[in-house]
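To keep things clear, I will list the structure first and then write my remarks on it.
Sequential numbering from 1 along the given sequence is applied to the chain's residues. Both backbone and side-chain heavy atoms feed into the values below; hydrogens, waters and symmetry mates do not.
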Amino acid sequence: MEFSVTNSNFSARDFISDVIGREIGQMLRHTSAARLGTDPEGVHQLRVASRRLRSELRLLHPMIEDGWHSMTAKDLAWLGHTLGGYRDSDVLIALLEEIATADNDLDRAVIDRAIDDRRAHQHRVVDRLSGKRYVSLVVTLARAVVRPPLRRSFADPESVIVSQLRESWSALRIAATGMVDSPADLHQIRILSKRARYVTEIATPILGDGAQAIVERFVAIQDSLGHQRDLASVRRFVTEWYDSPRAVRGIDPADARETWLASIDAASRVNPDVWREPMAEAMVLIDDMNIGHSERTDIYELP
């Protein structure tokens with residue numbers, strides 16, 4: 001399929017309003033559950049919406065006022081960091097419980113420690129979501145839905161999005177081709193696939209039906225590599241716990257650590273290369289899009 005940027009009624013104001021409105025809607029939908037601490041999934045979804053919006057605004061920055069973008073990006077990064085510790089603890093506990101269920105001989109003291117950490121993160125989330133900074137962020141985003149903070153002059157919205165699309169797809173392809181399977185390489189692939197996913201989702205009104213199939217492959221890549229990264233975090237947490245004086249509780253911490261690490265390593269060996277198939281499929285689908293270089297150089301002025 002030959003793709004080209006066309007002269008359509010693609011409105012930057014409506015488009016940016018829609019992007020911000022969609023994500024702030026998700027944030028508000030899950031704020032109460034996250035603030036009350038009654039639903040870990042609420043924290044996860046709030047974090048997803050804030051991180052996604054931060055990425056989307058970075059992609060759309062060529063159309064957005066610098067000052068507004070800088071301030072909002074900092075607040076979204078702060079929010080993501082606030083929620084990150086709680087979410088990471090929740091994932092850590094789930095994996096520890098899953099591994100311990102398969103081996104009743106594992107010492108559960110490390111799980112108790114993870115639960116204590118999650119409780120501390122939960123208190124921090126509740127406090128910050130009730131504070132002025134979060135309220136101010138929500139108000140800023142709500143106002144931007146009504147009056148998007150567009151630059152006085154900006155490039156054609158379609159050209160901006162397509163340029164970002166080419167760049168993100170190309171970066172992912174290069175990284176996947178040159179990787180050597182080190183943890184750092186896999187982490188980079190995961191980051192690039194997430195960025196490529198976000199810009200592909202943004203570009204859906206331009207790409208049409210083919211975008212969803214590409215997004216699904218990116219999600220599969222993220223899930224597979226994310227699981228491997230989570231297991232690495234579990235391994236690090238267990239090692240640090242049993243190497244600390246706090247772990248001495250009537251057992252041999254070295255033996256307990258090695259037993260845990262053996263079980264974690266066994267879980268890590270289950271289909272570690274699952275991400276490769278959706279990556280290959282995504283590259284084929286991207287090639288089928290055949291997005292060429294555009295000669296459009298239009299600059300739009302706001303009235």
Salt bridge present between Arg54 and Asp75 (N-O < 4.0 angstrom):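 So Arg54 does not pair with Asp75 through a salt bridge.
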Any chance you could measure [X], atom [atom1], to [Y], atom [atom2], to the nearest 0.5 Å?
X	Y	atom1	atom2	result
Thr177	Met283	OG1	CE	8.0 Å
Glu281	Arg276	CD	CZ	14.0 Å
Asp117	Asp112	CG	CG	11.5 Å
Trp78	Leu83	CH2	CG	8.5 Å
Ile206	Met289	CD1	CE	11.0 Å
His30	Leu129	NE2	CG	13.0 Å

Minimum heavy-atom distance between [X] and [Y], given as atom pair plus value:
X	Y	answer
Ile189	Trp275	CG2-CZ3, 4.3 Å
Gln26	Ala49	CB-CB, 3.7 Å
Ser50	Leu76	O-CD2, 4.0 Å
Ala114	Leu96	CB-CD1, 3.9 Å
Ala142	Ile24	N-CD1, 3.5 Å
Arg217	Pro278	CG-O, 3.3 Å

Taking side chain as C-beta onward, heavy atoms only, is [X] less than 4.5 Å from [Y]?
X	Y	answer
Thr140	Met71	yes
Leu95	His227	yes
Gln228	Leu186	no
Leu60	Ile16	yes
Arg51	Lys194	yes
Glu23	Asp18	no
Tyr134	Met27	yes
Arg58	Ser55	yes

Between [X] and [Y], is there shared hydrophobic-cluster membership here, with clusters defined by ILVMFWY side-chain heavy atoms closer than 4.5 Å?
X	Y	result
Leu28	Val145	yes
Ile20	Val48	no
Leu165	Met279	yes
Val215	Trp169	no
Leu106	Ile115	yes

Check: [Y] main-chain N/O paired with [X] side-chain donor or acceptor under 3.5 Å:
X	Y	value
Gln164	Leu59	yes
Trp241	Arg113	no
Ser136	Lys132	no
Arg190	Leu225	no
Thr204	Glu201	yes
Ser224	Ala220	no

Residue pair Arg124, His121: steps toward the side chain to side chain donor-acceptor pair (under 3.5 Å) verdict: CA-CA 5 Å; Arg124 188 176 299 112; His121 287 302; 2.9 Å; yes
Thr259/Asp107 under side chain to side chain contact (heavy atoms under 4.5 Å, CB included): CA gap, chis, key distance, verdict: CA-CA 9 Å; Thr259 303; Asp107 171 47; over 6 Å; no
Test side chain to side chain contact (heavy atoms under 4.5 Å, CB included) applied to Arg22 and Glu56, step by step: CA-CA 11 Å; Arg22 181 176 62 249; Glu56 290 170 338; 3.4 Å; yes
Qualifying residues under salt bridge (charged side-chain N to carboxylate O under 4.0 Å, His left out), relative to Arg108, sequence neighbours excluded: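 Listed in chain order: Glu97.
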Salt bridge (Lys or Arg N to Asp or Glu O under 4.0 Å) between Asp88 and Arg47, worked out: CA-CA 11 Å; Asp88 290 345; Arg47 184 190 183 201; 3.6 Å; yes
Worked verdict on Tyr198 versus Ser168 for side chain to side chain donor-acceptor pair (under 3.5 Å): CA-CA 10 Å; Tyr198 289 158; Ser168 66; over 6 Å; no
Thr82 and Arg128: side chain donor to acceptor below 3.5 Å: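 Yes, a side-chain donor-acceptor pair sits under 3.5 Å.
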Test item: side-chain donor near acceptor, Asp185 and Ser182, under 3.5 Å: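 Short answer, yes.
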Can you confirm whether [X] is buried at [atom1], in the sense that more than 12 heavy atoms of other residues, nucleotides or ligands lie under 6.0 Å from that atom?
X	atom1	result
Arg143	CZ	no
Glu277	CD	no
Glu167	CD	no

Residues 62-69, side-chain donor-acceptor partners within the protein, below 3.5 Å, at least two apart:
from: Asp66; atom 1: OD1; to: His61; atom 2: NE2; distance (Å): 2.8
from: Asp66; atom 1: OD1; to: Arg151; atom 2: NH2; distance (Å): 2.8
from: His69; atom 1: NE2; to: Leu57; atom 2: O; distance (Å): 3.3

Evaluation steps, side chain to side chain contact (heavy atoms under 4.5 Å, CB included), between Arg173 and Asp287: CA-CA 11 Å; Arg173 185 190 299 274; Asp287 287 339; 2.7 Å; yes
Intermediate values then yes/no, side chain to side chain contact (heavy atoms under 4.5 Å, CB included), Thr72 and Leu137: CA-CA 7 Å; Thr72 306; Leu137 172 60; 4.2 Å; yes
